[in-house]
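Single-structure report; data block below.
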Amino acid sequence: GPKVGPYTVHVQDFEGIALPCLRNVDSRPVLLIDEIGKMEAKSNKFTAAIRKVFNEFNGTIIATIPKPSANPLSLVEEVKGMPNTEIITVSTQNRNSVPQQIMDMIKDKD
């Protein structure tokens, strides 16, 4: 499989786990995706599924993305640019308060 740094991405194995999780999510109020990154972007099927979920899911999506870099991933840039997207940068200073901040955001949408 393709390499990301020292790691080999086993695309078919990844797709066998990730893709079923992204199907039939309409009945859920919140969807958590960890993560949309370099390794995950090696799968064209995952990329297509993420686009579909972000365009069609009616609930709240919480997803982790990599820190900004000199070579941003196009899928991450797409997600960041979608309407109603809010980026929360986690740091050592705020990491303990982020879970409550996310819960408050979800409650505000109800």
Side-chain angles (χ1 to χ4, degrees):
K3 295 264 193 193
V4 174
Y7 304 103
T8 300
V9 180
H10 298 277
V11 175
Q12 286 183 321
D13 293 340
F14 167 70
E15 289 174 348
I17 296 167
L19 296 179
C21 293
L22 294 172
R23 292 187 193 114
N24 303 317
V25 294
D26 291 338
S27 63
R28 312 245 190 286
V30 178
L31 178 61
L32 179 63
I33 302 171
D34 181 32
E35 101 181 78
I36 303 170
K38 286 182 185 177
M39 294 178 89
E40 295 77 14
K42 296 295 182 186
S43 165
N44 292 330
K45 291 178 182 178
F46 178 78
T47 298
I50 288 293
R51 287 186 178 118
K52 180 176 173 43
V53 165
F54 270 85
N55 284 310
E56 297 177 6
F57 186 70
N58 291 321
T60 299
I61 299 173
I62 300 168
T64 60
I65 58 173
K67 293 188 309 185
S69 71
N71 299 314
L73 297 168
S74 60
L75 179 59
V76 170
E77 294 303 305
E78 274 183 59
V79 166
K80 286 170 49 178
M82 291 187 172
N84 300 320
T85 298
E86 184 167 341
I87 305 294
I88 301 171
T89 302
V90 179
S91 66
T92 54
Q93 291 79 23
N94 74 352
R95 69 178 173 207
N96 292 332
S97 64
V98 168
Q100 186 60 52
Q101 182 181 358
I102 292 170
M103 291 301 297
D104 292 344
M105 291 168 64
I106 292 169
K107 288 178 188 172
D108 288 346
K109 291 186 184 219
D110 289 342

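Treat the numbers as computed from the prediction; the structure is a model and nothing was measured.
- Under the 3.5 Å distance criterion, the side-chain polar atoms of Thr85 are matched with a main-chain donor or acceptor of Val79.
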Determine all donor-acceptor pairs shorter than 3.5 Å in which one atom belongs to a side chain in residues 63-76; sequence neighbours excluded.
{"from": "Thr64", "atom 1": "OG1", "to": "Asp34", "atom 2": "OD1", "distance (Å)": "2.7"}
{"from": "Ser69", "atom 1": "OG", "to": "Asn71", "atom 2": "N", "distance (Å)": "3.3"}
{"from": "Ser69", "atom 1": "OG", "to": "Asn71", "atom 2": "O", "distance (Å)": "3.4"}

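- Residues Gln101 and Ile88 form a side-chain contact, since some pair of their non-hydrogen atoms from C-beta on lies under 4.5 Å apart.
- Side-chain heavy atoms closer than 4.5 Å link hydrophobic residues (I, L, V, M, F, W, Y) into clusters, and following such links, even through other members, never connects Leu32 to Val25.
- Under a hydrophobic clustering in which Ile, Leu, Val, Met, Phe, Trp and Tyr are joined whenever their side-chain heavy atoms come within less than 4.5 Å, directly or via other members, Ile87 and Val53 fall into the same cluster.
- Linking Ile, Leu, Val, Met, Phe, Trp and Tyr residues whenever their side-chain heavy atoms come within less than 4.5 Å places Val30 and Met105 in a single cluster.
- Listed by first and then second residue, the side-chain hydrogen bond (donor to acceptor under 3.5 Å, both in side chains) pairs involving residues 46-61 are Arg51-Glu78, Lys52-Glu56 (not counting sequence neighbours).
- Residues passing the side chain to side chain donor-acceptor pair (under 3.5 Å) test with Asp104 are Gln100, sequence neighbours excluded.
- Not a single donor-acceptor pair under 3.5 Å links the side chain of Asp13 to the backbone N or O of His10.
- Following chains of ILVMFWY side-chain contacts shorter than 4.5 Å, one can reach Phe54 starting from Leu31, so the two form part of one hydrophobic cluster.
- A donor-acceptor distance shorter than 3.5 angstrom exists from the side chain of Asn94 to the backbone of Thr89, with no hydrogens or angles considered.
- Between Ile33 and Ile62, the closest side-chain pair of non-hydrogen atoms is not below 4.5 Å.
- With contacts defined as side-chain heavy-atom distances shorter than 4.5 Å, the pair Leu22/Phe57 does not qualify.
- Of all heavy-atom pairs between Glu35 and Glu40, the closest is O-CG, 3.2 Å.
- Taking the side chain as every heavy atom from C-beta outward, Pro2 and Thr8 never approach each other to under 4.5 Å.
- Connection of Phe46 to Val9 is not established within any shared hydrophobic cluster, with ILVMFWY side chains joined at heavy-atom distances below 4.5 Å, either directly or through further cluster members.
- Separation of atoms NZ (Lys42) and CD (Glu15) is listed at 13.5 Å; rounding is to 0.5 Å.
- Here the closest heavy-atom approach between residue Val90 and residue Arg95 is recorded as CG1-CB, 3.7 Å.
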